Chemist: 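Here you go, one structure.
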Amino acid sequence: MASATESEAEKNLSPRLWHLAALLGGNAALALGPWLVRLADTGPVSAGFWRMLLPLPLFALLAWRERAGNTASRGTILLLLAAGAFFAADLASWHIGIERTKLGNSTLFGNSGSIVLMVWGLIALRRAPRGREMLALAAAFGGAAILMGRSLEISTATLVGDLFCLLAGIFYVFYLLPAQAARARMGQWSVLALVCASAAPMLLVIALALGEPVLPGSGAGWVPVVALAISSQVVGQGLLVFSLKHFPPLIIGMALLTQPAIAAAVGWLAFDEALGLPDVAGMALVSVALVLAKGRD
């Protein structure tokens, strides 16, 4: 009997390790996004356009394969088109902010959507925050104040970058809510394909309106934008889709901490963005808030 129990435990352990590796790998791939945006010869919003457009054929193929399980109505499709519009606004704001602040800051503030979702949930419940919720809000606002105060000491342009990334986090909430509602009726790849199809043309229009170069130049060429599409959309989103349902929210929140850490390390190695003790303290507070907020999902 004992040997049978041990054998069953071993069977359950292996998939668990694979899921954890996928979760951490997805976060690591997404954390490289800000670095690749900076390397791109296109404008920052144009890089978001290629991020959405290049993986679209693959997502469309995967959506076609899962089409049997889809029960999409016209309302659901319109919901996803709206989600894609907000995702386009999210990427446009975030990519502009990436060019104006530290990579670690951009990743932290770009992931602030979980805090906004927590506040939204409290408003919907019509009650004051309790216990862990109060700690999360206090840590988030305290960490944001430290990081943005440090940015203001460096330059006002860096502070503007932080604000753009915060705005991206708000747009992400308005993308996430309709996207989650649509996923209850459609397959995940169908949702991603429609979101990309909606977001890509909007990002192109925004890039052209800002006068950004859309096609990669002769310097870095296509390598950064193709790498961005593969790492952020195909690898990052693909691994997260594979792994998220296998873990409780607290573990997912803890895994999220790898993103700002990796982004800050890349900023230090690639762009000499040194981190002082106040920066580390601010990042720690916002990271704790993200964990607490994820724990309430």
Side-chain angles (χ1 to χ4, degrees), residues 29-60 80-113 157-158 160-172 174-176 179 192-238 259 262-263 266-267 270-271 273:
L30 290 170
L32 297 177
W35 172 53
L36 293 170
V37 169
R38 285 196 184 178
L39 293 181
D41 282 339
T42 65
V45 180
S46 298
F49 161 70
W50 291 114
R51 170 179 166 173
M52 291 290 100
L53 182 67
L54 294 178
L56 187 54
L58 175 61
F59 288 159
L80 280 175
L81 293 178
F86 282 113
F87 194 50
D90 164 52
L91 284 183
S93 299
W94 190 43
H95 285 194
I96 291 173
I98 285 169
E99 302 239 323
R100 294 171 179 250
T101 190
K102 295 180 180 180
L103 295 191
N105 280 23
S106 69
T107 308
L108 276 169
F109 289 129
N111 280 299
S112 64
T158 307
V160 168
D162 289 340
L163 293 174
F164 267 108
C165 293
L166 274 173
L167 181 61
I170 295 173
F171 281 134
Y172 184 74
F174 290 99
Y175 149 72
L176 187 61
L192 286 172
L194 284 173
V195 167
C196 286
S198 173
M202 294 193 64
L203 286 165
L204 179 60
V205 170
I206 295 172
L208 292 174
L210 293 175
E212 291 186 3
V214 176
L215 293 175
S218 58
W222 285 94
V223 173
V225 292
V226 172
L228 177 66
I230 294 174
S231 65
S232 292
Q233 290 303 113
V234 179
V235 178
Q237 293 295 333
Q259 285 198 41
I262 293 173
V266 171
F271 303 107
E273 295 178 353

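Note that the numbering runs from 1 along the sequence shown for the chain. Predicted model, so just to flag it, every value in this text is computed and none were measured.
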Chemist: Testing the basics here: between Phe87 and Val195, what is the closest heavy-atom pair and its distance to 0.1 Å?
Modeler: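 Heavy-atom minimum between the residues: CD2-CG1, 3.9 Å.
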Chemist: Once you round to the nearest 0.5 Å, how far does CG of Leu80 lie from CG of Leu192?
Modeler: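 These two atoms lie 9.5 Å from each other.
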Chemist: Could you tell me whether the side chain of Asp90 reaches within less than 4.5 Å of the side chain of Tyr175, counting heavy atoms only?
Modeler: no
Chemist: If you define the side chain from C-beta out and look only at heavy atoms, does anything of Leu228 sit under 4.5 Å from Trp35?
Modeler: no
Chemist: Quick one: does Asp41's side chain have a donor or acceptor within less than 3.5 Å of a partner on Gly221's backbone?
Modeler: yes
Chemist: Under a 3.5 Å distance rule, please check whether Thr107 uses its side chain to pair with a backbone N or O of Leu103 as donor and acceptor.
Modeler: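 Yes; at least one donor-acceptor contact below 3.5 Å.
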Chemist: Spell out, as yes or no, whether a donor-acceptor pair under 3.5 Å connects the side chain of Trp94 to the backbone of Ser106.
Modeler: yes
Chemist: Measure the CG-CZ distance between Leu166 and Phe109 for me, rounded to the nearest 0.5 Å.
Modeler: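 It is 5.0 Å, given to the nearest 0.5 Å.
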Chemist: Measure across Ala193 and Ala60 and return the closest heavy-atom pair with its distance rounded to 0.1 Å.
Modeler: CB-N, 4.1 Å
Chemist: If only atom types and distance count, is the side chain of Ser93 paired as donor or acceptor with the main-chain N or O of Cys165 below 3.5 Å?
Modeler: no
Chemist: Above 12 or not: heavy atoms from other molecules or residues under 6.0 Å from CZ of Arg38?
Modeler: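 Counting neighbours around CZ of Arg38, more than 12 heavy atoms of other residues, nucleotides or ligands fall under 6.0 Å, so yes.
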Chemist: For the rings on Phe174 and Phe86, is their centre-to-centre separation under 6.0 Å?
Modeler: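 Yes, the ring centres sit under 6.0 Å apart.
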Chemist: Step by step, would you call Gln233 with Phe59 a side-chain contact (heavy atoms from CB on, under 4.5 Å)?
Modeler: CA-CA 10 Å; Gln233 290 303 113; Phe59 288 159; 4.0 Å; yes
Chemist: Which pair of heavy atoms, one from Leu56 and one from Cys196, lies closest together, and at what distance?
Modeler: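 For Leu56 and Cys196, the tightest heavy-atom pair comes out as CD1-CB, 3.8 Å.
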Chemist: Just how far is it from atom CH2 of Trp222 to atom CG of Leu215, taken to the nearest 0.5 Å?
Modeler: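 Going from CH2 on Trp222 over to CG on Leu215, the span is 5.5 Å.
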Chemist: Ignoring hydrogens and geometry, is there a side-chain-to-backbone donor-acceptor pair from Glu212 to Thr42 under 3.5 Å?
Modeler: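 It does not hold such a pair.
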Chemist: Show, in sequence, the C-alpha distance, side-chain angles and deciding distance for Met52 and Leu204, and conclude whether the side-chain contact (heavy atoms from CB on, under 4.5 Å) test is met.
Modeler: CA-CA 10 Å; Met52 291 290 100; Leu204 179 60; over 6 Å; no
Chemist: Taking all non-hydrogen atoms of both residues into account, name the closest pair between Pro213 and Ser46 and its distance.
Modeler: O-OG, 3.1 Å
Chemist: Drop me the distance from Leu30's CG to Ser231's OG, to the nearest 0.5 angstrom.
Modeler: 7.5 Å
Chemist: Is a side-chain N or O of Thr101 found less than 3.5 angstrom from the main chain of Gly161, in a donor-acceptor match?
Modeler: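 Not confirmed, Thr101 side chain does not pair with Gly161 backbone.
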Chemist: Quick one, Thr158 with Arg100, criterion side-chain contact (heavy atoms from CB on, under 4.5 Å). Give me CA distance, side-chain angles, the key distance, then yes/no.
Modeler: CA-CA 5 Å; Thr158 307; Arg100 294 171 179 250; over 6 Å; no
Chemist: Between Val45 and Ala207, what is the shortest heavy-atom contact and its length?
Modeler: CG1-N, 3.8 Å
Chemist: Provide the closest heavy-atom pair for Ala199 versus Gly84 in the form atom of the first, atom of the second, distance.
Modeler: CB-O, 3.4 Å
Chemist: Kindly compute the distance separating CG (Asp162) from CG (Leu167), expressed to the nearest 0.5 Å.
Modeler: 12.5 Å
Chemist: As a quick check of understanding, evaluate side-chain contact (heavy atoms from CB on, under 4.5 Å) for Phe49 and Val214, giving each step before the final call.
Modeler: CA-CA 8 Å; Phe49 161 70; Val214 176; 4.2 Å; yes
